[in-house]
Amino acid sequence: MVDIHSHILWGMDDGSRSLEMSIAMLEMAASTGTTDIVGTPHADATYEYQPALIAERRAELQEKLGSRIRIHTGCDFHLKLDNIQEALVDPRKYSINGLGWVLVEFSDMMIFPNTEEIFARMQGAGMGVIVTHPERNWLLRKDIERLQRWVDAGSYLQVTGGSLLGTFGTDARKFSEELMARGLVHFLASDAHDLERRTTRLDQVRVLVSERYGEDYAEALLTTHPQAVIEGRALHPGALEPPQKSRSWFQFWK
Ligand SMILES: [Fe+2]
């Protein structure tokens with residue numbers, strides 16, 4: 001599996017706090033089936049984005065992990081005015097492996113009314129827009145049609161694996177299921193921050209998606225699509241063919 005969203009680079013944000021913790025998070029990912037992981041530190045009002053330090057930490061961790069797992073870099077890009085301006089000037093700066101795909105995180109306070117225009121400008125500058133965990137943002141949860149429009153206009157959605165497993169509560173889980181049912185989810189990622197609750201494990205959600213929606217769907221969301229992102233390849237825009245929910249044994253009793 002390929003994980004395009006994680007906070008495994010230590011000392012950059014509210015993710016890993018030490019070199020040892022980063023190594024443990026990476027070991028956990030490697031031992032549960034992740035072959036590639038992208039370290040995506042926050043770039044927001046609290047945390048400054050530091051590309052040189054990110055490259056340094058990546059190299060140090062890669063040396064420690066050897067061939068156990070491949071480490072890539074990107075950014076958890078907060079959609080705010082100065083970030084947007086900088087990204088438009090230098091589209092490689094915040095993108096995964098500098099190849100154009102950008103993770104876009106929204107504020108819990110407000111959504112820019114001209115978001116579609118901002119996305120169009122980012123796309124026009126050569127960036128692929130991936131909206132991160134909309135299921136965990138109450139403002140985005142209020143309006144699934146808006147997300148549908150963004151996807152129709154060429155943006156992509158990433159849901160956090162833990163959301164489908166219930167880690168972030170019932171609302172986030174139900175909304176994730178709704179997005180899945182509509183074929184609006186293009187990626188599942190860990191958004192790992194620690195070793196306890198928000199971990200680097202993707203194996204449990206892989207099993208869940210595979211059992212519920214089929215192995216092909218799990219493969220697309222957890223391997224094929226994220227692989228294209230780390231290689232800077234294009235993906236077919238728009239919603240996916242909605243997955244066929246398979247009947248599980250307990251549904252026979254409902
Ligand atoms: Fe994140």
Side-chain angles (χ1 to χ4, degrees), residues 1-18 21-22 24-26 28-29 34 36-51 53-54 57-58 61 69 71-80 83-84 87 93-97 101-109 111 122 127-141 147 150 155-169 171-173 175-176 179 185-202 205 221-222 225-226 229-230:
M1 290 178 283
V2 177
D3 188 357
I4 57 168
H5 185 170
S6 78
H7 298 265
I8 43 116
L9 301 175
W10 58 280
M12 314 286 316
D13 56 18
D14 57 342
S16 171
R17 291 185 296 278
S18 64
M21 185 169 165
S22 292
M25 288 171 81
L26 288 162
M28 184 185 279
T34 297
D36 293 79
I37 187 164
V38 188
T40 54
H42 289 288
D44 58 20
T46 313
Y47 303 107
E48 190 196 342
Y49 190 62
Q50 304 176 73
L53 191 55
I54 288 171
R57 300 254 151 106
R58 189 211 73 83
L61 286 166
I69 191 167
I71 306 165
H72 308 262
T73 58
C75 176
D76 199 347
F77 179 85
H78 193 80
L79 202 67
K80 61 187 184 95
N83 270 0
I84 297 163
K93 180 173 178 182
Y94 297 100
S95 67
I96 292 174
N97 286 338
W101 287 95
V102 179
L103 299 182
V104 175
E105 181 194 58
F106 279 87
S107 149
D108 285 334
M109 318 284 264
I111 310 294
M122 290 176 73
M127 284 174 268
V129 173
I130 303 173
V131 176
T132 63
H133 45 67
E135 79 283 2
R136 284 164 46 203
N137 183 310
W138 71 280
L139 288 172
L140 293 177
R141 275 203 305 260
L147 294 169
W150 292 354
S155 295
Y156 299 80
L157 303 189
Q158 173 253 304
V159 158
T160 299
S163 296
L164 278 171
L165 296 166
T167 309
F168 299 95
D171 290 348
R173 180 178 57 75
F175 195 74
S176 306
L179 291 171
V185 183
H186 302 88
F187 307 97
L188 289 167
S190 72
D191 192 8
H193 278 68
D194 55 45
L195 287 160
E196 293 85 33
R197 181 169 167 268
R198 301 170 71 181
T199 75
T200 48
R201 287 185 69 166
L202 287 174
V205 75
L221 271 44
L222 287 150
H225 289 178
V229 164
I230 61 171

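All residue numbers refer to positions in the sequence shown, counting from 1. Counting starts at 1 for both ligands and their atoms, in listed order.
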#### Entry: 2.8 Å cut-off met by an N, O or S atom of D191 to the Fe ion (ligand 1)
yes
### Summary
Of I4, I130, D3, the one forming a side chain to side chain contact (heavy atoms under 4.5 Å, CB included) with P226 is I4
### Query
Once the angle between the rings of Y156 and H186 is folded into 0 to 90°, is it parallel (under 30°), tilted (30 to 60°) or perpendicular (over 60°)?
perpendicular
### Message
Please name the atom of D76, limited to N, O or S, that comes nearest to the Fe ion (ligand 1).
### Response
OD2
### Message
Tell me whether the Fe ion (ligand 1) has H7 as a neighbour, meaning an N, O or S atom of it below 2.8 Å.
### Response
yes
### Query
Just wondering, is there an N, O or S atom on H5 that's nearer than 2.8 Å to the Fe ion (ligand 1)?
yes
### Query
Do the non-hydrogen side-chain atoms of I54 and Y49 ever get within less than 4.5 Å of each other?
yes
### Query
Does H72 reach the side chain of V2, with side-chain heavy atoms less than 4.5 Å apart?
no
